[in-house]
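In listed order, ligands and their atoms are each counted from 1.
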Amino acid sequence: MINIKSAQDIEKMKAAGKVVEDTLLLLGKSIRVGMTTEELNRIAEDYIRSQGAYPTCLHYNGYPKAICISVNEVVVHGIPGPRKIQDGDIVSCDVCATLNGFVGDATRTFCVGNVPEEVRKLVEVTKECFFEGIKYARPGYRVSDISKAIQTHAESHGYGVVRELTGHGVGRQLHEDPEVPNFYSPHARQRLQAGMTIAVEPMITMGKREIWQLDDGWTITTRDGKPAAHYENTIAITDDAPILLTCSEEIG
Ligand code: MF3
Ligand code: CO
């Protein structure tokens, strides 16, 4: 069942989304070679709580930390810990915050120091995939139109599109209906409608698209060990262009 949000709900989601965006901006300014992912987690958690919000991932289905940090070959759900950020790493920070009963969810992949040109390109194209997808985030289109646009853009660069994880509805809960795949799926037939709020989150691999889950029960890596990038925003469908609830950038 897809929950349609009222205008007041959307205002609350803007506030939650702003906490998420500001956390990501802070992480981007703070990230340094030699820092551990645990230190970044601490910065994010302290900031989220300072805004009167709660880090939604913490204890979500038993997840142990405030945010997810996924370095290089880790696609998503990396658990912050003693891993030190190295020169040339790409670091995806996936931040969720709950404020006044509503959730914001967004991810940025940061390039640290001397990242090879071809890996930078992966990060750039992953972000482009999001903006290609949301061209179809309007009433009249189906969820699968977003999916197809993301897939087409990624594959035109020879990249892989992860199948096992998808975007999702978001609202009072972190994960609501509908699923928003990053590849064309005939099941994603739902028509988009004003008041729907969804997280669109391309997860794109430089090599093959197959993934692997580590024994910690969370960390997802590429099977071939090649890098992956992730970019995500929570958006609200309106009668016109979508509102980006976790991103102040102009729609490209
Ligand atoms: N943005 C992630 C997702 O949509 C959030 C994961 S929180 C976790 O799946 F607790 F499950 F890690
Ligand atoms: Co998400």
Side-chain angles (χ1 to χ4, degrees), residues 2-3 5 13 16-17 19-24 27 37-38 40-42 44-45 48-49 53-71 74-81 83 91-99 102-110 126-127 129-131 133-134 137 143 146-147 150 161-183 188 196-205 211-221 228-237 242 244-247:
I2 296 176
N3 297 318
K5 278 75 177 182
M13 290 197 61
V19 173
V20 171
E21 176 175 27
D22 289 346
T23 305
L24 287 164
L27 290 171
T37 54
E38 171 58 44
L40 282 174
N41 179 77
R42 170 58 46 203
E45 179 165 2
I48 292 166
R49 291 189 188 274
Y54 179 79
T56 320
C57 291
L58 185 63
H59 306 316
Y60 182 83
N61 292 337
Y63 185 75
K65 296 287 176 175
I67 66 171
C68 302
I69 305 182
S70 306
V71 182
V74 180
V75 185
V76 288
H77 300 170
I79 302 174
R83 182 172 182 163
V91 181
S92 303
C93 295
D94 187 340
V95 173
C96 302
T98 306
L99 183 66
F102 285 90
V103 180
D105 181 6
T107 305
R108 303 287 180 265
T109 299
F110 300 112
T126 301
K127 177 175 178 178
C129 283
F130 169 85
F131 284 99
I134 66 163
V143 170
I146 299 175
S147 307
I150 292 171
V161 176
V162 173
R163 298 289 197 272
E164 293 83 351
L165 298 138
T166 66
H168 49 91
V170 52
R172 291 185 186 276
Q173 304 296 324
L174 170 57
H175 293 133
E176 298 185 351
D177 288 339
E179 278 194 0
V180 184
N182 296 307
F183 57 94
M196 284 172 62
T197 47
I198 57 176
V200 177
E201 49 178 317
M203 292 160 248
I204 306 299
T205 64
I211 58 164
W212 195 249
Q213 186 175 47
L214 299 191
D215 288 339
D216 62 19
W218 286 101
T219 311
I220 304 284
T221 72
H230 186 195
Y231 183 89
E232 173 180 29
N233 284 304
T234 301
I235 69 170
I237 308 298
L244 307 192
L245 298 168
T246 52
C247 177

message: If we ignore hydrogens and angles and just use 3.5 Å, is the side chain of N233 paired with the main-chain N or O of I235 as donor and acceptor?
response: no
query: Looking just at side-chain N and O atoms, do T98 and T56 make a donor-acceptor pair shorter than 3.5 Å?
result: yes
- line: Nearest non-hydrogen protein atom to atom 6 (C) of ligand 1, with distance, is H77 NE2, 3.7 Å
message: Would N61 count as a contact residue for ligand 1, given that I'm defining contact as a non-hydrogen atom of the residue lying under 4.0 Å from a ligand atom?
response: no
field: Distance filter under 4.0 Å to E201 heavy atoms, resulting ligand 1 atoms
entry: 4 (O)
message: Donor-acceptor pair, distance only, cut-off 3.5 Å: does the side chain of R172 make one with the backbone of V103?
response: no
Side-chain ion pair, K65 and E38, N-O less than 4.0 Å: yes
- request: Determine whether the side chain, the backbone, both or neither of C68 has a heavy atom under 4.0 Å from any heavy atom of ligand 1.
  value: side chain
statement: With rounding to 10 degrees, E201 OE2, the Co ion (ligand 2) and D105 OD2 define an angle of 160°
task: For the Co ion (ligand 2), find the closest N/O/S atom belonging to E232 and write down its atom name.
output: OE2
- line: atom 7 (S) of ligand 1: closest protein heavy atom, distance to 0.1 Å, is C57 SG, 2.8 Å
field: Nearest protein heavy atom with distance in Å, relative to atom 11 (F) of ligand 1
entry: W218 CZ3, 3.3 Å
- request: Check whether any side-chain heavy atom of V143 sits under 4.5 Å from a side-chain heavy atom of P181, and report yes or no.
  value: yes
query: If we only count N/O pairs under 3.5 Å, is H168 in contact with ligand 1?
result: yes
message: Donor-acceptor pair, distance only, cut-off 3.5 Å: does the side chain of D94 make one with the backbone of T107?
response: no
task: Before signing off on this row, confirm whether D105 and ligand 1 have an N or O atom pair separated by under 3.5 Å.
output: yes
field: Shortest protein heavy-atom distance from atom 1 (N) of ligand 1, along with the residue and atom involved
entry: D94 OD2, 2.7 Å
- prompt: Taking the side chain as C-beta and beyond, is there a heavy-atom pair between I220 and V162 under 4.5 Å?
  reply: no
- prompt: Got a sec: is H175 within less than 2.8 Å of the Co ion (ligand 2) via an N/O/S atom?
  reply: no
- prompt: Heavy-atom distance under 4.5 Å between the side chains of Y63 and I79, does that happen here?
  reply: yes
message: Tell me whether T205 contacts the main-chain N or O of A228 through its side chain, where contact means a donor paired with an acceptor under 3.5 Å.
response: no
- request: Starting from atom 3 (C) of ligand 1, locate the nearest protein heavy atom and write down its residue, its atom name and how far away it is, to 0.1 Å.
  value: H175 NE2, 3.3 Å
